[in-house]
Structures are given as structure tokens and as C-alpha cells.
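Here the structure is laid out as C-alpha cells; the discussion comes afterwards.
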Number of protein chains: 2
Amino acid sequence: MRARAAVERGVDPVGQSTADGAEDRVAEDRVAEVMDLLRARGGRASGARRVILEAMATGPAHRTAEELAEQIHAEHPAVHQATVYRTLERFEELGVVYHSHLGHGPAQWHLGENHHVHLTCDRCGAVIDADQADFEEVAAALRDRYGFSLDIRHFAITGTCAGCADGDGRDPW
Amino acid sequence: MRARAAVERGVDPVGQSTADGAEDRVAEDRVAEVMDLLRARGGRASGARRVILEAMATGPAHRTAEELAEQIHAEHPAVHQATVYRTLERFEELGVVYHSHLGHGPAQWHLGENHHVHLTCDRCGAVIDADQADFEEVAAALRDRYGFSLDIRHFAITGTCAGCADGDGRDPW
DNA sequence: GTCGATGCAAACGTTTTGCACACTG
DNA sequence: CAGTGTGCAAAACGTTTGCATCGAC
């Protein structure tokens with residue numbers, strides 16, 4: 001299953017500013033907001049963290065830590081990969097970003113505003129963003145029957161997308 | 001999250017024969033069956049493969065490849081870890097075993113007869129086996145809305161179990 | 001000045017691979 | 001005897017860690 005990685009790579013880097021000025025401002029606001037939160041929690045608003053946040057706020061919705069590190073490193077060679085990992089972890093503690101495991105590959109990181117569920121096709125690697133509402137029934141059932149509370153954000157779901165369902169019947173996983 | 005590993009380790013090795021003779025026979029039958037299937041598909045029924053299958057058929061329901069390799073290696077030092085990985089992969093192609101990703105740790109492998117869903121608690125690492133039926137509604141909804149067919153076997157679900165829900169509110173993932 | 005964050009390199013745990021040899025059919 | 005499977009060692013992969021230094025507050 002290298003397919004997913006290839007798909008993700010295809011989406012790849014965007015500069016850290018888009019053509020759309022308004023979108024830029026939103027990203028800036030968000031960055032400032034998180035920096036404040038960081039300070040409020042006894043952390044430091046460092047340059048590296050600002051850069052990492054900006055990259056996340058303006059790039060594709062989900063990327064692996066490595067892809068992120070690569071992009072950031074290209075623009076800011078001083079920012080080391082280990083810092084990206086550590087910072088993502090820190091941001092996750094703050095509830096600003098999340099990661100999900102989308103099948104076999106490395107974890108995917110995304111900003112936390114948008115708590116959708118990821119459906120990954122194990123044939124072609126497509127990632128479909130599903131609505132969290134679709135899972136409310138199961139969530140309720142699992143809570144009732146097993147006392148188990150779903151973490152919908154971290155919920156990695158594999159299966160077969162519409163396009164690939166037409167192919168052969170072999171399940172590679 | 002080392003908790004899960006600890007839990008799994010607690011379940012650990014059983015010998016490759018149980019006290020129950022009948023269960024033994026079932027395992028033997030299953031092994032023979034798979035060996036035939038293997039041959040039918042142009043593969044070879046080697047000793048290593050038999051040993052690996054036996055270990056899977058008689059031990060705990062889900063184990064990591066490493067745990068499996070460890071147990072097998074203890075009884076059959078000739079069987080190398082790489083062979084376990086390769087063989088599991090081969091068996092999966094045959095539809096005999098499956099693996100699932102139960103959260104952050106390594107994949108869990110199990111024989112394929114029992115297609116249950118794994119609920120893993122990200123606090124304590126407990127693994128609850130849920131009924132596949134609980135997911136039929138979501139499965140239908142996802143198929144309708146996104147044309148996506150859930151692979152219920154590979155469905156890795158994280159959340160919080162009843163016991164841990166009483167603790168603090170921090171989500172470690 | 002204090003303490004948290006960073007760069008760097010090295011280790012980590014899991015899985016995969018290349019190669020020569022061994023065995024199954 | 002053809003070709004698959006295996007042992008072994010080494011690499012790959014994604015991630016984490018130890019430590020000295022740097023920089024934010």
C-alpha cells in the first residue's frame with residue numbers, strides 16, 4: 001500500500017501565502033490566537049512554532065509530519081524535523097491540531113477546527129472526509145453496550161471507495 | 001501509550017497445545033486446511049508456516065507480529081522473525097489471517113474466522129471486542145452517502161472505555 | 001536569569017529487503 | 001530440478017530522545 005502516500009504527495013506544497021488575501025488574514029489571526037494560548041499555558045511563542053503553524057494553516061488539510069517538515073525545511077532551513085514533531089505534539093496537547101492514523105502509512109496531521117472522520121480507501125488511497133454526524137448512532141450504541149466513548153477524531157476507517165469497488169474483489173489488507 | 005502493549009503482554013504465551021483435546025483437533029484441522037489452500041495457490045507447505053499457523057490457532061486471539069515471533073522463536077529457534085512477517089503477509093493474501101491497527105502500537109494479527117471490531121481504550125489500552133452488527137447502520141450510511149464500503153475487520157477504533165471515562169478529561173492522543 | 005524550546009545526532013521499535021542457501025512439489 | 005521459502009544481516013521507515021545551546025519571558 002504505497003498508494004496513499006503517492007496521493008498525499010500529489011497534493012503537496014503550497015507557498016505559505018495563498019492568492020486570497022482574506023484567507024491569509026484568517027490564517028494570521030489563527031496563528032496569533034494559538035501563540036497567545038501557548039503563552040497562557042506557560043509555553044513560549046517561538047519563531048519555529050509560528051512557522052509550523054503557518055504552514056499548517058495554509059497548506060493542504062492533512063499531511064504527515066514528514067511532509068510538513070519537508071515543506072517547512074525548504075522555506076526555513078533552520079527549523080529541524082525533530083522540532084516539527086515536538087511542536088505538533090505540543091499543539092495537540094493544546095487541542096489546536098490533531099493527528100489520525102489513516103490506514104498503514106504515517107499519521108496525518110490537521111488543524112482541529114474541522115473534526116471530520118477520515119474514510120481511507122485501501123486500494124487507491126483516496127481519503128474521503130465524512131461527517132461526524134454519520135457516526136452518532138454507532139457512538140451511542142457503543143456507549144450503551146460497552147460503555148465505550150468513541151474518539152471520532154482519531155477514528156481511522158478503512159474500506160473501499162466507490163471507484164475501486166468496481167475492480168476485483170481482493171482485499172489487500 | 002505503552003499501556004496496550006502491557007495488557008497484551010499480560011495475556012501472553014500459551015503452549016501450542018491446550019488442555020482441551022477437542023480444541024486441539026480443531027486447530028489441527030485448520031492448519032491442514034490452510035496448508036492445502038497454500039498448495040492449491042502454488043505455495044509450499046513448509047514447516048515454518050505450519051508452526052506459525054499452529055501458534056496463531058492456539059494462542060491468544062490477537063497478538064503483534066513480534067509477540068508471535070517471540071513465542072514461536074522460543075519453541076522453534078530456527079524460525080526467524082522475518083519469516084513470521086512474510087508468512088503473515090502471505091496468509092493474509094489467502095484470507096486466512098488479518099491484521100488491524102489498534103491505535104498507536106504495532107498491528108495486531110488474528111485468524112480470520114472471527115470478524116469482530118476492536119475498540120481500544122487509549123488510556124488503559126484495554127481491547128473490547130464489539131459485535132460487527134453494531135456497525136451495520138454506519139456501514140449502510142457510508143455506502144449511501146459516500147459510496148464507501150467499510151472494511152469492518154480492519155476497523156480500528158479508539159476511544160475511552162467505561163473505567164477510564166471516570167478519570168481526567170485529557171485525551172492523550 | 002530562569003526555564004522552556006531548539007538543533008543536532010543518535011537511538012528507537014517495527015517492518016521490509018537483498019542475498020545466498022535449503023527445501024517442497 | 002524448478003522455483004518458492006528461509007535464515008540472516010542490514011536497511012528502511014517514522015518517530016523519539018539526550019544533551020548542550022539558544023532565546024522568550
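Each chain gets a letter, A, B and so on, in the order the sequences are listed, and its residues count up from 1. Fair warning: this is a prediction, and the values are worked out from it, not measured in the lab.
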Could you please spell out the steps behind the side-chain contact (heavy atoms from CB on, under 4.5 Å) verdict for L111(B) and V96(B)? CA-CA 6 Å; L111(B) 285 171; V96(B) 172; 4.3 Å; yes

Integer-rounded Å distance: dG7(D) P and H76(B) NE2: 12 Å

Within this structure, what is the CZ-to-P distance between F91(B) and dT6(D), rounded to whole angstrom? 9 Å

To the nearest Å, how far apart are R49(A) CZ and dG23(D) P? 15 Å

What nucleic acid atoms does A82(A) come within less than 4.0 Å of, heavy atoms only: base, sugar-phosphate, or nothing? base

With a cut-off of less than 4.0 Å, is there a side-chain N or O of S46(B) near OP1 or OP2 of dC23(C)? no

Stepwise salt bridge (charged side-chain N to carboxylate O under 4.0 Å, His left out) test for E89(A) and R86(A): CA-CA 5 Å; E89(A) 208 175 318; R86(A) 278 191 280 229; over 6 Å; no

By nearest-nucleotide position on DNA chain C, the 5'-leaning member of A45(B) and Q81(B) is Q81(B)

Per T83(B) side chain, nearest of listed nucleotides dG7(D), dT15(C), dG3(D): dG7(D)

Under 3.5 Å side-chain donor-acceptor pair for E92(B) and H99(B): yes

Does R86(B) make a side-chain donor-acceptor contact with the base of dG7(D), cut-off 3.5 Å? yes

Mind checking if G47(A) touches a base, just sugar-phosphate, or nothing, with heavy atoms under 4.0 Å? nothing

Rounded to whole Å, please give me the gap between CZ in R63(A) and C1' in dG14(D). 18 Å

Grab the NE2-P distance between H80(A) and dC19(D) for me, whole Å please. 18 Å

Determine: side-chain N/O of T87(A) to OP1/OP2 of dT6(C), distance under 4.0 Å, yes or no. yes

What's the CZ-C1' distance between R50(A) and dA24(D), to the nearest Å? 13 Å

Is there, by distance only and without an angle test, a donor paired with an acceptor across the side chain of R39(A) and the base of dC25(D) below 3.5 Å? no

Taking the basic N atoms (NZ, or NE/NH1/NH2) and the acidic carboxylate oxygens, is any pair closer than 4.0 Å for R30(B) and E33(B)? yes

Winner on side-chain proximity to A107(B), out of dG3(D), dT15(C), dT14(C), is dT15(C)

Y85(B) OH to dG13(C) C1', straight-line distance once rounded to whole Å: 9 Å

So, taking the atom named CZ in R63(A) and the one named NE2 in H110(A), what distance separates them when rounded to the nearest 0.5 Å? 12.0 Å

Nearest-Å distance for atom pair CE/P, residues M35(B) and dT4(D): 18 Å

